[in-house]
2 protein chains.
Amino acid sequence: MTALKRIEREPLWDLAHTQLQDALLAGRFEPGTVLTLRSLAESFGTSITPVRDAVTRLVAQGVLQQGARNSAIVPHLSRRELEHLTVVRCALEGRAAREAASHRDEASLRRLRDRLTTMQSLIAARKLESYLEHHRKFHFGIYAMSGIPLLVETIENMWLRCGPVLSFVIPEYVVLLKGTDHHTAALKAIMAGDADGAEREIVADITEAAHYLSGLADATGQLRRPPG
Amino acid sequence: MTALKRIEREPLWDLAHTQLQDALLAGRFEPGTVLTLRSLAESFGTSITPVRDAVTRLVAQGVLQQGARNSAIVPHLSRRELEHLTVVRCALEGRAAREAASHRDEASLRRLRDRLTTMQSLIAARKLESYLEHHRKFHFGIYAMSGIPLLVETIENMWLRCGPVLSFVIPEYVVLLKGTDHHTAALKAIMAGDADGAEREIVADITEAAHYLSGLADATGQLRRPPG
DNA sequence: GTTTGATGTTTGTTACAACAAACATCGTCG
DNA sequence: CGACGATGTTTGTTGTAACAAACATCAAAC
């Protein structure tokens with residue numbers, strides 16, 4: 001049981017998979033980009049076999065879209081697809097918030113409170129990068145309290161599908177519209193064991209963000225990154 | 001645009017993937033079975049590369065569980081996991097039924113009515129195999145009416161996860177407990193545009209089936225196929 | 001008789017090469 | 001000058017082989 005025994009190399013495809021996921025969530029891939037196996041393999045410094053595994057997984061998860069000739073492309077998100085994503089997210093995350101209110105515990109609540117204050121200071125400092133990271137962890141901190149791993153896993157999948165456009169939010173939106181702070185309200189409801197309130201606030205948070213993103217669509221319905 | 005041009009061979013991994021999915025849904029794999037690449041490759045008559053792709057996808061979908069040494073095993077379902085599956089399915093399928101009631105159309109409703117009568121005659125004839133098949137198509141006929149492909153796709157994933165135990169239901173359950181026919185009630189609610197009623201009946205259908213399956217658990221909480 | 005160590009088997013991982021389909025490029029013919 | 005066709009390039013697919021980790025088996029030593 002020595003520490004030496006624990007040095008087990010992670011498979012290469014796992015590394016590629018997580019790196020691709022992180023890149024997607026961080027919005028480092030522009031929608032519409034075609035990912036070729038050989039170019040990815042070169043950038044990872046491996047053969048195409050591990051990256052093929054990773055891409056295969058992402059496609060199976062619905063995170064990457066498979067185009068003609070089974071090529072993998074970073075999906076464009078249309079206004080309609082965003083609507084669909086919003087419906088599913090509301091059903092899933094609303095339910096998770098509801099369960100969280102029923103299964104709350106002291107330690108988790110304290111962590112959420114801390115993260116919330118961190119988020120507010122990051123907003124004030126206009127540090128969008130870090131804010132998005134903490135924002136994600138705040139949401140999933142709530143969902144983890146539901147005690148239903150399957151629910152968390154499914155929600156993660158939905159966030160991955162939103163990945164390419166998550167970074168489309170600009171600081172002004174976060175700063176201005178958050179006068180109606182659904183995050184604080186949701187946490188307060190959960191602390192009070194108010195399942196209805198928790199669901200309502202999370203759903204409102206998702207809906208408002210979706211409404212903002214919907215305004216970024218061009219004439220064809222495709223969501224575009226705002227200038228600046 | 002001749003028909004000859006349409007003869008494009010499907011990739012081998014796609015064949016393996018769909019065949020494995022069908023086998024799972026039909027309950028041809030006993031929970032706990034370890035699937036080795038080489039044995040699957042031999043049974044498919046291909047090299048291990050295509051079946052590796054297929055298995056990789058199934059694992060990424062959460063349909064197959066990955067055990068030690070990244071081997072793929074047909075997942076056991078515990079009573080707790082069934083509960084979690086039920087929560088997610090109710091949230092998703094309840095929402096889909098609600099949307100279906102809002103987007104109903106004449107042609108789809110007629111197909112559903114036909115399928116319902118087919119199901120009833122299959123019950124009377126004790127043809128469980130065919131019944132399960134039609135039962136699945138009836139449910140997904142409703143979900144497709146929601147007009148939200150993402151929702152349907154996610155629900156399909158949940159059914160795949162239930163796959164290994166779906167065939168655990170025995171004819172007696174289908175025949176006896178269905179005095180409370182939630183299928184008929186759900187369809188009636190959808191035809192009337194009653195979203196609340198549609199969701200209520202679908203949720204009741206899922207919950208009752210889960211309650212029955214829950215009774216099949218052994219001392220360790222694992223679901224077991226009933227004798228006979 | 002029990003334990004420990006070596007060895008063989010099983011099985012997933014990775015690289016490489018041959019292949020096929022689709023697309024782009026460019027030259028030739030009308 | 002334009003259209004058609006040959007050719008090269010790109011890219012995903014599949015098979016094969018070498019490799020490594022884990023497990024099972026068996027024999028020898030205490």
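Lettering of chains follows the sequences in order, A, B, ..., and the numbering in each one begins at 1. As a basis for the values below, the full set of heavy atoms in this structure was taken, side chains included, without hydrogen atoms, waters or symmetry mates. All of these numbers come straight from a predicted model, not from anything done at the bench.
- Salt bridge absent: B:Arg79 and B:Glu83 never bring a charged side-chain N and a carboxylate O closer than 4.0 Å.
- Note: CG (A:Asp53) to P (D:dT14) measures 13 Å, nearest angstrom.
- Under the rule for a side chain to side chain donor-acceptor pair (under 3.5 Å), the partners of A:His17 that lie at least two apart in sequence or sit in another chain are A:Gln61.
- Counting only residues at least two apart or in different chains, salt bridge (Lys or Arg N to Asp or Glu O under 4.0 Å) contacts with residues 33-52 of chain A comprise A:Arg52-B:Asp53.
- Every residue two or more places apart in sequence or in another chain that forms a side chain to side chain donor-acceptor pair (under 3.5 Å) with A:Ser39 is listed here: A:Thr36.
- At whole-Å resolution of the value, CH2 in A:Trp13 and P in D:dA20 are 19 Å apart.
- Regarding B:Ile73, its CD1 atom lies at a distance of 17 Å from the P atom of D:dA22, rounded to whole Å.
- Remark: B:Arg98 engages B:Asp196, B:Glu199 in a side chain to side chain donor-acceptor pair (under 3.5 Å) (not counting sequence neighbours).
- Identified under the salt bridge (Lys or Arg N to Asp or Glu O under 4.0 Å) test for residues 137-158 of chain A, with sequence neighbours left out: A:Glu133-A:Lys137, A:Glu153-B:Arg161.
- In terms of position on DNA chain D, the residue among A:Asn70 and B:Ile48 whose nearest nucleotide sits closer to the 5' end is A:Asn70.
- Remark: A:Ser130 pairs with no residue by the side chain to side chain donor-acceptor pair (under 3.5 Å) rule, at least two apart or across chains.
- Here the nucleotide nearest the side chain of B:Arg52, chosen from C:dA15, C:dT13, D:dT14, is C:dT13.
- By the side chain to side chain contact (heavy atoms under 4.5 Å, CB included) test, A:Leu25 is found to be paired with A:Arg136, A:Leu160, A:Leu166, residues two or more places apart in sequence or in another chain being considered.
- A heavy atom closer than 4.0 Å to some atom of DNA chain D occurs in no member of residues 56-63 of chain B.
- Counting to the nearest Å, the C1' atom of D:dC19 and the CG atom of A:Leu12 are 13 Å from each other.
- The side chain to side chain contact (heavy atoms under 4.5 Å, CB included) search around A:Ile73 returns A:Val34, A:Gln65, A:Ser71, not counting sequence neighbours.
- When each of A:Ala72 and A:Thr49 is assigned the nucleotide of DNA chain D bearing its nearest heavy atom, the one mapping closer to the 5' terminus is A:Ala72.
- Here salt bridge (Lys or Arg N to Asp or Glu O under 4.0 Å) pairs that include residues 14-33 of chain B, with residues two or more places apart or in two chains, are B:Glu30-B:Arg225.
- The stretch residues 35-45 of chain A comes close to DNA chain D through A:Leu35, A:Thr36, A:Leu37, A:Arg38, each having a heavy atom under 4.0 Å from the strand.
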Give me the distances for all protein-to-nucleotides 7-9 of chain C N/O pairs that come in under 3.5 Å?
none

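- At least one donor-acceptor pair closer than 3.5 Å links the side chain of B:Glu81 to the backbone N or O of B:Ser78.
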